[in-house]
Protein chains: 2
Amino acid sequence: MKDLLPVIDYISRYVDLTDDEKNHLAGFLKITKVKKRQFIVQPGFVCQHKSYVVKGAFRGYLVDQEGKEHTLSFAIEDWWISDYSSLIYQEPATLFVEALEDSVLIQIAYEDEQRFLAEIPKLEKFERIITQRSLAFQQKRLLSNFTKTAEERYDEFMTKYSAIAKRVPQYALASYLGFSTEYLSKIRNGKTSKS
Amino acid sequence: MKDLLPVIDYISRYVDLTDDEKNHLAGFLKITKVKKRQFIVQPGFVCQHKSYVVKGAFRGYLVDQEGKEHTLSFAIEDWWISDYSSLIYQEPATLFVEALEDSVLIQIAYEDEQRFLAEIPKLEKFERIITQRSLAFQQKRLLSNFTKTAEERYDEFMTKYSAIAKRVPQYALASYLGFSTEYLSKIRNGKTSKS
DNA sequence: CTTATTTCCTAAACCAGTTCATTTTTATTT
DNA sequence: AAATAAAAATGAACTGGTTTAGGAAATAAG
C-alpha cells in the first residue's frame, strides 16, 4: 500500500477522498517495473492501462509509413502516459510507449477504472479535470506548432521542460517538436542563418 | 424550454437524466443569436460560456504577432465551441471565436456549469467523456500534421468533413490545416508538382 | 578494456510550402 | 444595378527545414 501512495496523493490534489475510498482505490493499483527500451504499449494491441510514472522516463510515439518516428508525449516522475485513443476507445494502439530508462510505474487497468468511476463518483471529477487540462495543453501545442519556428519551439521547450530535455535523447526531442534531428543539431550549434 | 431540447438531447446521448434533472439543467441554458462576423469570444476577455451551435457556423482562431490567423476549431450544428483554455482556467482568451454565418447558440455560463456539476454528478461523467474524445481528436490532428503532407491533410479533411468544408471560407480552411491560402489554391487547382 | 551499437554532428543539394505582388471572381452594401 | 469590399487564383522568387551520406562521440555490452 505504501508504494501506491504517489497515485493516491496525486488524485488527492484534485478531489478529497475518505480513507475508505483511498483503500478501495488502492486495491486496483498495480506496481510494474520495466527496463530501458521495453515497450508498455505497442501498435496493434489494445492499451490496457493508464500508467503513472513513479520513477523513470517514457516516450509515446508513432512510426509512420516511411518509418519516421513522431513523438506525441513524454513522461517522467509524477506524469501519466498511455496511448490515450487506444485506451478510451479500447481499440488497437497506434503508438509505441517505450521506457527511456529503467522505470517503475503504478498502473490502473481500463476495466478497473470503469468500475471505480461508477463506484466513486468523485473520481469522475478528477478524470474530468485532468483531461480538460491535457486538452488545453494539446491545443496550445498545436497552436505553437502553427505559429512558431522550429527554433522558437526548441527554446520554449528548453526553458519550460529542461528536466525532460536533459533526460531524453535528442532524436526524441526533435520528433516531439516536429522537425528532423539534423535540424535540431543545427539549432543547438547555432548554424541556423539568423542568430 | 422546447428551444433548449437540442442540448438536453445531446447530453442524454452520454448519460441518462431524469425529467427533474433535465428541467433543472434547462434553467441554466440561454439562447443567443449572433450575426455573421460577430465575435462571441475575443482576446483579452475571459471566455464566459460554452456554446452549442443550434444553427450556423463558427470558427475559433488565433492571430499571431505577424498578424497571421491560425484556426484551432470549427463548429457547425450540433457542435460545441469556446476558447477552451480561457474557459476552464477563467483567464483572458487568446482566441477569437467568430460567427461565419448568422447563427443561433445555446450557451452555458461557466459559473452555472460549476454549480450544476456539483449538483448533478452524472454530468461530470458527460463532461469527462466528451473531453476525453476531444483530447483523442486533438492528438490525432497533431500527429496528422506531423506525418502527412499539406495535400494529404486537405484530402483527408475534404472526405471526413465535407459538410464543414462547404461552409467555411477557403482561407479559414487553409489556416486550420496549417498552410497558406495560396497553397490551398494550388492544391485545389492541381498546380502542386506531383499529381 | 575492446567491440559493437546507439547517438550526435556536419555539410551540400534539394523541396514543400511561403511570400509578394497583381488580377479575377464572388459577396455585400447602398 | 452600381459600388465596394471580401475572397480566391496565379505565378515567380524565395526560404525554413529535409534529405542524403558520411564521420565522430558517447554508451552499452561482452
Side-chain angles (χ1 to χ4, degrees), chain A residues 35-38 57 59 61 63-71 74 96 98-102 144-158 165-195, chain B residues 35-39 57 59 61 63-71 74 96 98-102 144-158 164-195:
Chain A
K35 290 250 163 202
K36 182 167 179 175
R37 283 193 189 84
Q38 194 176 326
R59 168 181 171 237
Y61 63 96
V63 179
D64 69 18
Q65 288 103 340
E66 287 133 44
K68 259 176 276 172
E69 296 181 1
H70 305 274
T71 300
F74 290 120
F96 289 92
E98 183 187 12
L100 297 171
E101 307 171 358
D102 292 354
S144 167
N145 282 342
F146 279 166
T147 57
K148 294 181 180 157
T149 65
E151 207 161 351
E152 287 167 339
R153 264 139 53 209
Y154 170 76
D155 290 342
E156 189 184 29
F157 191 92
M158 291 308 282
K166 276 171 201 144
R167 288 169 70 175
V168 307
Q170 211 147 114
Y171 64 82
L173 181 52
S175 78
Y176 177 89
L177 293 172
F179 47 75
S180 69
T181 110
E182 291 87 346
Y183 198 68
L184 176 48
S185 206
K186 279 188 205 173
I187 291 174
R188 282 218 161 140
N189 300 293
K191 306 275 165 75
T192 174
S193 70
K194 80 152 187 191
S195 108
Chain B
K35 291 250 165 201
K36 182 167 179 173
R37 283 195 188 81
Q38 193 175 326
F39 295 108
R59 167 184 173 235
Y61 63 96
V63 179
D64 71 19
Q65 287 102 340
E66 287 131 47
K68 258 175 277 173
E69 298 180 0
H70 305 274
T71 300
F74 291 118
F96 290 93
E98 182 187 13
L100 298 170
E101 307 171 358
D102 293 353
S144 167
N145 281 343
F146 279 166
T147 57
K148 294 181 180 158
T149 65
E151 208 161 350
E152 287 167 340
R153 264 140 54 210
Y154 170 76
D155 289 343
E156 190 184 30
F157 191 93
M158 292 308 282
I164 292 178
K166 276 171 200 143
R167 288 169 71 175
V168 308
Q170 211 148 116
Y171 64 84
L173 181 51
S175 78
Y176 177 90
L177 293 172
F179 48 76
S180 68
T181 112
E182 291 89 342
Y183 198 67
L184 177 47
S185 206
K186 280 185 201 170
I187 290 174
R188 282 217 162 141
N189 300 294
K191 304 276 164 76
T192 176
S193 70
K194 81 149 189 189
S195 106

(message) Please give me the minimum heavy-atom distance between B/Ala172 and B/Thr71, naming the atom from each residue.
(response) O-OG1, 3.5 Å
(request) Give me the bend of the helix from C/dC1-D/dG30 to C/dT30-D/dA1, using the axes of the five pairs at each end, rounded to 10°. (result) 60°
(message) Can you tell me which nucleotide in C/dT10, D/dA9, D/dA8 comes closest to the side chain of B/Asn189?
(response) D/dA9
(message) How many whole angstroms separate atom CG of B/Leu173 from atom C1' of D/dA8?
(response) 13 Å
(message) Distance check needed: C/dG17 P versus B/Glu151 CD, whole Å only.
(response) 8 Å
(request) Give the rounded distance in Å between these two atoms: OH of A/Tyr171 and P of C/dC9. (result) 14 Å
(request) Output all residues satisfying side chain to side chain contact (heavy atoms under 4.5 Å, CB included) with B/Lys68, sequence neighbours left out; order by chain, then residue number. (result) B/Asp64, B/Glu66, B/His70
(request) Please state how far atom CD1 in B/Ile187 lies from atom C1' in C/dG17, giving the value in whole angstrom units. (result) 9 Å
(request) Decide if the gap between the ring center of B/Phe157 and the ring center of B/Tyr176 is smaller than 6.0 angstrom. (result) yes
(message) Under the salt bridge (Lys or Arg N to Asp or Glu O under 4.0 Å) definition, can you give me all pairs with a residue in residues 174-184 of chain B, not counting sequence neighbours?
(response) none
(message) Output the rounded distance in Å from CG (A/Asn145) to P (C/dG17).
(response) 15 Å
(request) With side-chain contact (heavy atoms from CB on, under 4.5 Å) as the test, would you mind laying out the steps for B/Phe74 and B/Arg167 before giving the verdict? (result) CA-CA 10 Å; B/Phe74 291 118; B/Arg167 288 169 71 175; over 6 Å; no
(message) From CD of B/Glu152 over to P of C/dA16, roughly how many Å is that when rounded to an integer?
(response) 11 Å
(message) Between A/Leu177 and A/Leu184, does the side-chain contact (heavy atoms from CB on, under 4.5 Å) criterion hold? Intermediate values first, please.
(response) CA-CA 9 Å; A/Leu177 293 172; A/Leu184 176 48; 5.5 Å; no
(message) Restricting to side chain to side chain contact (heavy atoms under 4.5 Å, CB included), what partner residues turn up for A/Lys35, sequence neighbours left out?
(response) A/Gln38, A/Asp102
(request) Sequence neighbours left out, what passes ring pair (Phe, Tyr, Trp, His ring centres under 6.0 Å) with B/Tyr171? Give chain and number order. (result) none
(message) Please determine whether a side-chain nitrogen or oxygen atom of B/Gln170 lies at a distance below 4.0 Å from atom OP1 or OP2 of C/dT26.
(response) no
(message) For B/Tyr61 and B/Phe39, take the angle between the two ring planes, folded into 0 to 90°, and tell me which bin it lands in: parallel under 30, tilted 30 to 60, perpendicular over 60.
(response) tilted
(request) Measure the distance from CD on B/Glu101 to P on D/dA6 and round it to the nearest whole Å. (result) 18 Å
(request) Any chance you could list the contact pattern along nucleotides 18-30 of chain D? Use B for base contacts, S for sugar-phosphate-only contacts and - for none, protein heavy atoms under 4.0 Å, 5' to 3'. (result) BBB-------S--
